[in-house]
Number of protein chains: 2
Amino acid sequence: MEEYVKILKENNLKVTPQRLIVLKYLGEHHTHPTTDIIYRDLKTNNPSLSKTTVYNTLEALKEHGIIQSITISGSELRYDFKQGMHHHFLCKKCGRITDIDIECPNLGKMLECGHNVEEVHGYFKGICKNCLKKEA
Amino acid sequence: MEEYVKILKENNLKVTPQRLIVLKYLGEHHTHPTTDIIYRDLKTNNPSLSKTTVYNTLEALKEHGIIQSITISGSELRYDFKQGMHHHFLCKKCGRITDIDIECPNLGKMLECGHNVEEVHGYFKGICKNCLKKEA
DNA sequence: ATATGTGCAAACTGTTTGCAGCCGC
DNA sequence: GCGGCTGCAAACAGTTTGCACATAT
């Protein structure tokens with residue numbers, strides 16, 4: 001828990017119970033949850049929590065580069081505790097999103113083309129290993 | 001125009017005026033438009049056109065692999081006339097999305113990991129060349 | 001006392017659904 | 001006349017906004 005307090009302080013974000021539990025949730029669940037999932041899971045033990053606060057908190061964490069949002073599923077934002085560059089794989093069958101730990105070898109080429117690249121997102125979609133196994 | 005009729009026929013899609021103008025629009029505008037942009041632009045010369053039909057048509061074209069949807073901007077789907085693998089760059093300033101013609105060297109590595117990869121999306125975000133120039 | 005965070009409700013946006021009417025083979 | 005396409009309106013989901021209250025320096 002202390003580590004999350006530290007992260008907030010280092011980023012000049014006021015430490016509130018709400019921010020702490022949201023950040024802790026993301027630190028412990030690498031499932032790329034939506035705002036609603038985070039809200040529903042936390043609501044149980046924190047009945048007074050509001051969804052607006054979850055939105056606000058995620059926005060603040062994102063602005064400070066502590067987390068990042070991914071748009072792989074299209075209809076909603078999902079959040080990811082940031083830890084080095086990696087890509088994502090979305091299984092169209094079970095809906096699970098898994099981390100893919102590969103670098104982006106295109107970045108060098110991107111820099112050549114003159115744009116100032118701040119974010120790199122690699123999204124792969126298909127059927128995951130597990131679902132393939134079940135089908136067989 | 002005849003080329004778009006041909007595409008629809010080849011994919012066993014009934015040729016209707018609505019489908020033709022939507023497909024033609026995407027063939028001629030490589031701007032990665034949203035459903036709403038397509039609708040508004042076409043509505044002028046086709047007042048009876050309904051947005052539902054635009055949604056339906058885009059869905060049909062996508063299912064047949066004629067176009068693809070990209071989720072780079074998060075809040076809405078954007079459409080792209082499909083033509084070989086390429087990536088996308090979104091300028092956070094002017095909002096423009098540009099095609100990046102590079103291959104994805106990660107695909108090989110992805111196949112190794114056992115998932116069945118059907119789609120590859122590479123999204124880069126930052127400030128584009130043009131906007132950088134204006135700033136300077 | 002002031003600035004910031006929280007939480008409710010209402011608004012807004014993009015998308016989907018239900019259904020009636022239409023068109024073409 | 002049947003199946004698929006169109007278009008309207010209503011429903012829906014995710015997100016944002018306005019505002020009053022709470023909290024902490």
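Here is the naming used below: chain letters follow the sequence lines, and residue numbers restart at 1 for every chain.
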Separation of atom [atom1] in [X] from atom [atom2] in [N], rounded to whole Å:
| X | N | atom1 | atom2 | answer |
| --- | --- | --- | --- | --- |
| A:Ile21 | C:dT6 | CD1 | C1' | 12 Å |
| B:Tyr55 | C:dG18 | OH | C1' | 17 Å |
| B:Leu8 | C:dG24 | CG | C1' | 16 Å |
| A:Glu59 | C:dT4 | CD | P | 17 Å |
| B:Lys14 | C:dG24 | NZ | C1' | 7 Å |
| B:Leu77 | D:dA13 | CG | P | 17 Å |
| B:Glu76 | D:dT15 | CD | C1' | 13 Å |
| A:Tyr39 | D:dA13 | OH | P | 15 Å |

Check: [X]/[Y] side-chain N/O donor and acceptor closer than 3.5 Å:
| X | Y | result |
| --- | --- | --- |
| B:His30 | B:His32 | no |
| B:His87 | B:Asp99 | no |
| A:Arg78 | A:Ser69 | no |

### Task
Pick base, sugar-phosphate or nothing for B:Asn56, based on heavy-atom distances below 4.0 Å to the nucleic acid.
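Touches a base.
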### Query
With a non-hydrogen cut-off below 4.0 angstrom, is B:Thr34 in contact with a base, only sugar-phosphate, or nothing?
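Nothing: the residue B:Thr34, judged by heavy atoms under 4.0 Å, touches no strand.
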Looking only at side-chain N and O atoms, does [X] come under 4.0 Å of OP1 or OP2 in [N]?
| X | N | value |
| --- | --- | --- |
| B:Ser48 | D:dG7 | yes |
| B:Ser75 | C:dT13 | no |
| B:Thr16 | C:dC23 | no |

### Task
State the CD-CD1 distance between B:Glu59 and B:Ile67, to the nearest 0.5 angstrom.
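B:Glu59 atom CD to B:Ile67 atom CD1 measures 8.5 Å (nearest 0.5 Å).
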#### Entry: B:Tyr123: which of B:Ile70, B:Leu90, B:Ile97, B:Ile100 passes side-chain contact (heavy atoms from CB on, under 4.5 Å)
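Passing option: B:Ile70.
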### Query
Which listed nucleotide (C:dT15, C:dT6, D:dG7) is nearest to the side chain of B:Gln18?
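Closest nucleotide among those given: D:dG7.
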### Side-chain donor/acceptor of B:Thr52 to base of D:dC8, under 3.5 Å
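Counting by modelled atom types and ignoring angles, a donor-acceptor contact under 3.5 Å is found here.
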